[in-house]
Amino acid sequence: MAPVFPVAFTVLVPATSANLGPGFDSLGLALQLYNRFEVVEGGNDPQHPVIQIEGSLGAGLPTGPENLFFRAFSSVFASKGIEPPAVRIRMFIQIPAGAGLGSSATAAVGGVVAASEFLRLRGLMLSEQEVLELAVANEQGNHPDNVAPALLGGLVATTVKDGKIHAVKTPFPDALKAVIFTPSFSMDTLAGRKLLPSSYPKDDVTFNTGRVALLLSALQTGRYELIGEAMQDRLHQPYRQALFPAMPDIIKAAVAAGAYGASLSGGGSSLIALASSRFQEILRAMQEAARARGVEGTGMILRADKHGARVINPRHHRVRRPRARYYEDQFCWSPARPLKEGSLGR
Ligand code: HSE
C-alpha cells in the first residue's frame, strides 16, 4: 500500500503569442517561457486559498479568492457539483502581464489543469475538450487563441461557434525561433479591441484570410521567405498602432536585420519576429529602432513549446495507478517531464 501524502504537484504553463499577424482571435503559438503553479492540499477553507506569488513580474496579482488561477480552479469543481479541496498555491511568475504573451491564459489553463489533477485522483477524468472549454470560459474575453496553445503546445488554430471550440495543433518548425521585444509599457487587450471597427471592407477580410492560409502553408512547407508577407494584417494591428506608434518601425527593423516576418504579439505590447538565424542581431535591431522612437524594452529569444501545460513533480499517492495507464488517455499536460530551471526561455 502506497503512503498517503497530501496532494501536491506543480503545473507548468507556457507563454503564448496570439494572432501572429493575420490570425486575429484564431492563431496562437506556445513559447518556452513558463509560469509555474505549485499546488498543495491544505488550509481550512476551500473558498479562501493561501496564495503566495514569487517573482517581481507577479507583483500586484491578487492573492485572494479573486485570483484568476483560483477562480479557474474553483469553477471546475462548481461545474461538477463537487466540493473543492482547501489549497495553498505558490505562483512563480516569469511571463509579464499586459505584454501580449498570454499571462492570464496561463492562470486560466493552470487552474483548470490543477483541478483536473485533483479530480483524476478521485477517479474522474475530464476530457480534453472539457478542459479547453472550462479554461476558455475563465479567460477574459473568452478567446481561445492564447488558451488553446497554452494547453496543447505548438501552433494552434482555433474557431468558436455557439460556445463550441475547435482547436487543431499543427507542427511548428524546429528551424524557427521567436524573437520577442517587450516594451516597458503594457497594453490592455480589451482597450485595444475598443479601437477596432465593428465591420470591415471585403478587401481587408480577404487580405487577412489569404495571409492566414499563406502563413500556415509557408510554415508547413518550409517556404519561410513567404512569412513576411503572410504576417501582414489589416484587422487589428493598424488600429492598435494608435497605442504603439513605434510598432511599424520596430517590425521593419526586425525584418531588415534578418527576421522572416514580425507582428504584434496578441493584443500587445510585445512584438514577435520569426527567424532561423541572426537572433541576437534581430533583437538588437528591434531595441535600437524602439529606442530611436523613445521606447525602451527587453527581449527574449524563445523556441516554440511543443507540449503545452503539464503536471510535474506529482506527490500524491492516494491511488497508485500504473504509470502507462495514467498517461495513455491524457493529452499534453500529463507527461511528468521536469524542465531544468536554467533551460527555460532559451
Ligand atoms: N486575439 C486577442 C486580441 C488576443 O487580439 O485581442 C488574445 O486573445
Side-chain angles (χ1 to χ4, degrees), residues 13-31 33 35 68 72 95-112 132-161 163 165-169 178 180 182-183 185-200 204-205 207-209 211-212 215-216 230-244 247-248 251 261-272 304-305 308-309:
V13 191
T16 45
S17 179
N19 299 331
L20 297 175
F24 180 54
D25 285 354
S26 55
L27 283 183
L29 175 66
L31 298 168
L33 174 72
N35 281 343
L68 178 55
I95 305 171
L101 294 172
S103 168
S104 71
T106 69
V109 168
V112 173
L132 178 63
E133 286 176 4
L134 285 162
V136 170
N138 278 284
E139 168 73 335
Q140 188 187 42
N142 307 132
H143 303 296
D145 51 345
N146 284 119
V147 167
L151 184 64
L152 303 172
L155 175 65
V156 182
T158 53
T159 60
V160 189
K161 181 158 187 267
I165 299 165
H166 297 285
V168 178
K169 177 176 172 178
I180 305 286
T182 303
F185 60 85
S186 59
M187 275 166 74
D188 181 69
T189 299
L190 293 188
R193 293 180 82 86
K194 290 196 178 126
L195 301 173
L196 308 185
S198 53
S199 61
Y200 292 90
D204 288 353
V205 175
F207 182 96
N208 270 57
T209 53
R211 277 154 188 81
V212 172
L215 181 58
L216 293 176
M231 286 180 83
Q232 304 292 318
D233 164 72
R234 284 194 192 165
L235 298 187
H236 71 108
Q237 273 185 207
Y239 304 96
R240 285 176 156 149
Q241 200 178 310
L243 301 174
F244 189 176
M247 175 168 62
I251 288 175
S263 69
L264 192 65
S265 180
S269 57
S270 297
L271 300 175
I272 177 169
D305 170 279

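Atoms within each ligand, like the ligands themselves, are counted from 1 in listed order.
Atom CG of L215 and atom CG of N208 lie 11.0 Å apart (nearest 0.5 Å). Atom CG of L132 is separated from atom CG of L152 by 6.5 Å, given to the nearest 0.5 angstrom.
Here is the list of ligand 1 atoms found below 4.0 Å of a heavy atom in N19: 1 (N), 3 (C), 5 (O).
The part of R240 lying near ligand 1 is the side chain, judged by heavy-atom distances below 4.0 Å. At a heavy-atom cutoff of 4.0 Å, ligand 1 is contacted by no atom of E139, backbone or side chain. Looking at N146 against ligand 1, only its side chain comes within 4.0 Å, counting heavy atoms.
Checked against a 3.5 angstrom limit, the closest N/O atoms of D145 and ligand 1 fall inside it.
Looking only at distances, no side-chain donor or acceptor of S265 sits under 3.5 Å from a matching main-chain atom of L101.
The protein atom (non-hydrogen) at minimum distance from atom 2 (C) of ligand 1 is D25 OD1, 3.1 Å. Scanning all protein heavy atoms for the shortest distance to atom 3 (C) of ligand 1 gives R193 NH1, 3.1 Å.
The side-chain heavy atoms of P144 and T159, taken from C-beta on, include no pair separated by under 4.5 Å.
Relative ring orientation between Y239 and Y200 is described as perpendicular, the plane-to-plane angle rising above 60° on a 0-90° scale split at 30° and 60°.
In this structure, D188 does not pair ionically with K194, as no charged nitrogen and carboxylate oxygen lie closer than 4.0 Å.
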